[in-house]
Amino acid sequence: MLAKLQKDIAAIEAEAFLLTNPANVRYLSGFSNPQDARVLVFADEIILITDGRYNAQAKTESKIDYKIFPITKTLNEYLAETVKGKKLAIEADQISVKQYKDLSKLLGYEPIASEDIVAKYRLIKTEAELEQIRAAAKIADDAFSHILNYIKAGVKEIEIALELERFMRMAGAEGLAFDSIVASGYRSSMPHGTASQKLIESGDLVTLDFGACLDGYNSDMTRTVAIGEITDEANQIYHAVLEAQEAALKAVVASIATKDLDKIARTILEKHKLGEYFSHGLGHGVGIDIHEAPRLSMSSLDVLEPNMVITIEPGAYIPGKIGVRIEDLVFVTADSYELVSKSNKNLIQL
Ligand code: ZN
Ligand code: ZN
């Protein structure tokens, strides 16, 4: 890893590279509070830099050497001093204008604004990373089975979200992959309707989109369930989305363009006159970040490769009225895929 990094850093004519993106810091160091740390890469070493609160933690967790910066200095002062006369590159999309100006002043020159070099490494997962994501997905699958006993008319969306969280954390998750979406009835038409105080009612569709974070790696899954009898329209939308989801899923294979996968799902929803209601892309990569490369959408130029981890999540949302999304987590393989989220996708009526 260090050799690859050093080559990429040399290619942008830098002698040192400062990583501030928490996902990249965690990826390179294993340190579990990456928002309070940096990684500095030189030609001959790679170091984690954090503050005094994390001394014991850095010692146990960090896979690379670490340094605690002194409380008598600001982080930027310490970084500038550590880098000394070397030409520094920074992650352009991770630093504010103010931090950039401060750092430039301390260094006496403007650091090179680099692309996200490490994101490219994170695209293709190792076996160990896949194992983490499988384990995170298993927790979410178990949570889904568990939560089916709680979802009923008269219960608040937020109660469902809290019970999902309680279950996943007790099962070993270090946290949620993101704020759980529990969107019932008219709120199911909001693709990102995080759980509210709304009561679930009979006749509602309820969209549950959630995931577990385990040792830094996330899972992501969506299921939509029905509360009692639902309208014919709701039933039709559900089955159209399911048809689109399964068709796109079956087509997952290394070397397919993600925009072609998106097209498979979109064409089916168009056939059911729901094309205009599929208002987002087909899916995204998942790893240390819940949304990372590759992108699966009409405009994406990404092509799948073995050991990418992606979601397949078409949806249809009729504003103010009703919505359905079904999402699976998938590993790309050379000749097919591995389905990682295993929860049932047939319409569940509670
Ligand atoms: Zn999701
Ligand atoms: Zn997703």
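Atoms within a ligand are numbered from 1 in the order they appear, just like the ligands themselves.
Around the Zn ion (ligand 2), the protein contributes the following N, O or S atoms under 2.8 Å, ordered by chain and number: D220 OD2, H284 NE2, E313 OE2, E327 OE2.
Less than 6.0 angstrom separates the ring centroid of F278 from the ring centroid of H280.
At a threshold of 4.0 Å, the pair K198-E201 counts as salt-bridged, since one of the basic side-chain nitrogens sits closer than that to a carboxylate oxygen.
Checked against side-chain contact (heavy atoms from CB on, under 4.5 Å), S299 has the following partners two or more places apart in sequence or in another chain: R295, S297. Listed by chain and residue number, F17, L19, T20, N21, N24, D93, Q94, D116 satisfy the side-chain contact (heavy atoms from CB on, under 4.5 Å) test with E91 (two or more places apart in sequence, or in another chain).
Cation-pi geometry between K321 and Y186 is not met: the NZ or CZ atom fails to fall both under 6.0 Å from the ring centre and inside 45° of the normal.
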Without placing hydrogens or testing angles, list every side-chain donor-acceptor pair under 3.5 Å for residues 66-75, not counting sequence neighbours.
from : atom 1 : to  : atom 2 : distance (Å)
Y66  : OH     : N55 : OD1    : 3.0
T74  : OG1    : E77 : N      : 3.0

